[in-house]
Asker: 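Take this structure first; my questions come after.
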There are 2 protein chains.
Amino acid sequence: MPATIRDVARASGVHISTVSRTFSAPHLVNPETRVRVLACAEDLGYRPNRAARALITGRTHNIGLIVADIANPFFPPLIKAAEGQARHRDYHVFVADTNEDPVAEEDLVHALAKQVDGVLLCSPRMSNSLIEQVSREVPVVVINRQVAGLPCVMMDVGQGARSAIEHLLGLGHRRIALLGGPRGSWTNREMRRAAAAAARSGGADLTVLGPNQPTETGGGATAEAVRRSGVTAVLAYNDLMALGLIEGLDALGLRVPQDVSVIGVDDIALSRLTRPKLTTVATPTAAAGRTAVDMLLQHDSDAPRGARGRGAAAGDRRTTAQVMLQTVLVVRDSTGPAPEPGRNGAGA
Amino acid sequence: MPATIRDVARASGVHISTVSRTFSAPHLVNPETRVRVLACAEDLGYRPNRAARALITGRTHNIGLIVADIANPFFPPLIKAAEGQARHRDYHVFVADTNEDPVAEEDLVHALAKQVDGVLLCSPRMSNSLIEQVSREVPVVVINRQVAGLPCVMMDVGQGARSAIEHLLGLGHRRIALLGGPRGSWTNREMRRAAAAAARSGGADLTVLGPNQPTETGGGATAEAVRRSGVTAVLAYNDLMALGLIEGLDALGLRVPQDVSVIGVDDIALSRLTRPKLTTVATPTAAAGRTAVDMLLQHDSDAPRGARGRGAAAGDRRTTAQVMLQTVLVVRDSTGPAPEPGRNGAGA
DNA sequence: CGCAGTGGTGCAAAGGTTTGCAGCGAAGAA
DNA sequence: TTCTTCGCTGCAAACCTTTGCACCACTGCG
């Protein structure tokens, strides 16, 4: 039913190869012929079949984007940015959600492998070695993780955590908790390392609570533990957890920031809407999405997948840039001076 | 470099057609042969090329999902549900974001058409006639809109709006505003119609403000207009706008729910986290996603796209079910009794 | 007049898979 | 024994497009 290149050829009285060229290399065909072909194509509603094209060119003009949880407001801006950048270059983005499950993640990347030209692995939960393995099957750019030998775009959450801790130190806090994120998260390790170092050099105690589900629920579930730990400030793995925690503390009768200061990470749109407005480490998610697409497409345009032999030994184009994007602490209303010792049941 | 069906055939000493059958119709091949082939395939890391398969079967095993704004928390649950349901049936979901732009929407559906077996049009902004047109190019299921002759899954926002208005009437409100959503939204029209009817029969005034961008910003921008209108309660097009409005009213010194009651629509996760917690009309988004996938896949499995002629006249299998899912009002803290007349500057 | 160059077009192979049909050997029936 | 039947496998066409190569008719130059 849908018109093929052959129908157009028949209708316009030329060979199919001429029709093909009319679309993929217009400068090679006589202007008169071209307009005739285009007219017929328009007439028949012809649109090139991308699958067939992919089969022979080895490029699908699709890229896959695998995220841990599309419902986490951290991801949509990244997805939108990636989509926009991809669209500029006539690519489409295939978004898939793993529900924070490393196994689903692997399945998905395999399933995607053959129908995309490359995959963006965003905040992966699988092991580095697995990532290296799949990267042999399909070009990969990793977001929010450092993997040796692979192109990566990271956000400097280490710096962010340091700023956050220093902000808290400046407000007089000396007992601070870090709400850990999910197992397998690179961000989590980086934050932990940086926060521990900053706390130590500031003479403060850092209690690590976790791992936790990186959601409101996960954050809320730690409220009791936070209270028992007697800290006066908390740095959460992300904004969602921070908001959940604030809610949970509220239910326990602890107020933010009077009793406990809370800092999140990501600066999701929502963090400006809650009360109190959330102090948070803003991450450049849109920039990360754009950059990752650029890296994939560049890293990928030099060697069409189904390349017909003749290729250089393969492996020589390993530029594998790794870029680190800056984060910035945004101070809002969920942080305040440390409460007077003893006023709130720190040790109680 | 990636192993093809031919490599596996060579390695296991059978014809490629046997390998093909091993994967697509295992019962047709001798168990011994099968295990040998599977072993070789495993060994070579062979995975069927979906593009090539699509070329001949006419089915890509992908479905497209077009949403207006992936950053709107209304969509992720729907997307996740659709993905889950699709995955069960060995389909993948291709998500694309139109940024609320009807033109981008049309482009996208055309671009997607050839690489998916069907498209889910979620909260479309384009005209009905355009939708009918694209539905001739690729099977379509429409979500959140009623289009004659096309399978649709809708949420009963009319009922929801009615409940919301009645809730407000019960609290004594008589001057109510409806914050309209974007132009072209079916939901918007339905809400408006139902809200107007409910208000009229309750003896209340309904002021319609809009259209507006269906975002926090869009909601916040109406705060001034809401104040000037002198209403004591507002029903917003969605939760995001409701939250933005609350924020905006706060900036004007009006408190929710003491001075103004606010109701949203969608019951996004976030509406439980804000203060005050939002009273809202909960929509069954996950169910909508699942249902839409089911309808598409059923409606679609009877006639493989590239069907080799012989087909019945085409158009006879128009079952075109249209399902309406129920909504329910969730009362939380953003609604309260109407303020005493005159206490708040209604007419001022 | 001959020849090289050039712009436009056709030819056919290739890409990886599915599938209707035919063929083969063995088992069962007559 | 001969004829079916049946389970399994091979053959080859088909899906739609791209692209290197060959071909043709001109043009312009020597």
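In this text, all values refer to a predicted model and were calculated from it rather than measured experimentally. Letters go in sequence order (proteins before strands), and every chain restarts at 1.
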Asker: Applying ring-ring contact (aromatic ring centres under 6.0 Å, His included), can you list everything that pairs with H61(B), at least two apart in sequence or on another chain?
Answerer: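 For H61(B) the ring-ring contact (aromatic ring centres under 6.0 Å, His included) partners, ignoring immediate neighbours, are Y91(B).
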Asker: Please report how far the helix from dC1(C)-dG30(D) to dA30(C)-dT1(D) bends, comparing the axis fitted to its first five pairs with the axis fitted to its last five, to the nearest 10 degrees.
Answerer: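 One end's axis against the other's: 60°.
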Asker: For residues 128-148 of chain A, which residue pairs pass the ring pair (Phe, Tyr, Trp, His ring centres under 6.0 Å) check, not counting sequence neighbours?
Answerer: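 For residues 128-148 of chain A, and leaving out neighbouring residues, there are no ring pair (Phe, Tyr, Trp, His ring centres under 6.0 Å) pairs at all.
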Asker: When you measure from the side-chain N and O atoms of T18(A) to the phosphate of dG10(C), is any distance below 4.0 Å, counting only OP1 and OP2?
Answerer: yes
Asker: So what does S17(A) hit on the nucleic acid, given a heavy-atom distance under 4.0 Å: a base, only sugar-phosphate, or nothing?
Answerer: base
Asker: Regarding E137(B) and R47(A), does a basic nitrogen lie under 4.0 Å from an acidic carboxylate oxygen?
Answerer: yes
Asker: If the condition is side chain to side chain contact (heavy atoms under 4.5 Å, CB included), which residues does I16(A) pass it with, not counting sequence neighbours?
Answerer: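 By the side chain to side chain contact (heavy atoms under 4.5 Å, CB included) rule, I16(A) matches I5(A), R6(A), A9(A).
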Asker: Filter on side-chain hydrogen bond (donor to acceptor under 3.5 Å, both in side chains), then keep only pairs touching residues 8-32 of chain A, sequence neighbours left out; what's left?
Answerer: D7(A)-R10(A), H15(A)-S17(A), S17(A)-R21(A)
Asker: Are OP1 or OP2 of dT9(D) and a side-chain N or O of H15(B) less than 4.0 angstrom apart?
Answerer: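 Checking dT9(D) against H15(B), no side-chain N or O comes under 4.0 Å of OP1 or OP2.
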Asker: Who are the side chain to side chain donor-acceptor pair (under 3.5 Å) partners of R89(A), not counting sequence neighbours?
Answerer: D294(A)
Asker: Please collect all side-chain hydrogen bond (donor to acceptor under 3.5 Å, both in side chains) contacts where either partner lies in residues 120-132 of chain A, sequence neighbours excluded, each pair once.
Answerer: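 For residues 120-132 of chain A: E100(A)-R125(A), S123(A)-N144(A), S127(A)-S129(A), N128(A)-R145(A).
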Asker: Taking the side chain of T33(B) as heavy atoms from C-beta outward, which of dG16(C), dG15(C), dC8(D) is closest to it?
Answerer: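 Closest of the options to the side chain of T33(B): dC8(D).
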Asker: Between dG7(C) atom P and E32(A) atom CD, what is the distance in whole Å?
Answerer: 16 Å
Asker: Under 4.0 Å from any atom of DNA chain C, heavy atoms only: list the residues of residues 37-52 of chain A that qualify, in numerical order.
Answerer: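 Contacting residues: A52(A).
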Asker: Can you name the ring-ring contact (aromatic ring centres under 6.0 Å, His included) partners of F74(A), sequence neighbours left out?
Answerer: none
Asker: In chain order, what residues pass the side chain to side chain contact (heavy atoms under 4.5 Å, CB included) check against A51(B), with sequence neighbours excluded?
Answerer: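 Testing A51(B) for side chain to side chain contact (heavy atoms under 4.5 Å, CB included), a comparison that skips the adjacent residues, returns N49(B).
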Asker: With the threshold set at under 4.0 Å for non-hydrogen atoms, list the residues of residues 19-27 of chain A touching DNA chain D in residue-number order.
Answerer: S20(A), R21(A)
Asker: Closer than 4.0 angstrom, basic N to acidic O: yes or no for D69(B) and K80(A)?
Answerer: yes
Asker: With sequence neighbours left out, which residue pairs that include part of residues 99-129 of chain B fulfil the ring pair (Phe, Tyr, Trp, His ring centres under 6.0 Å) condition?
Answerer: none
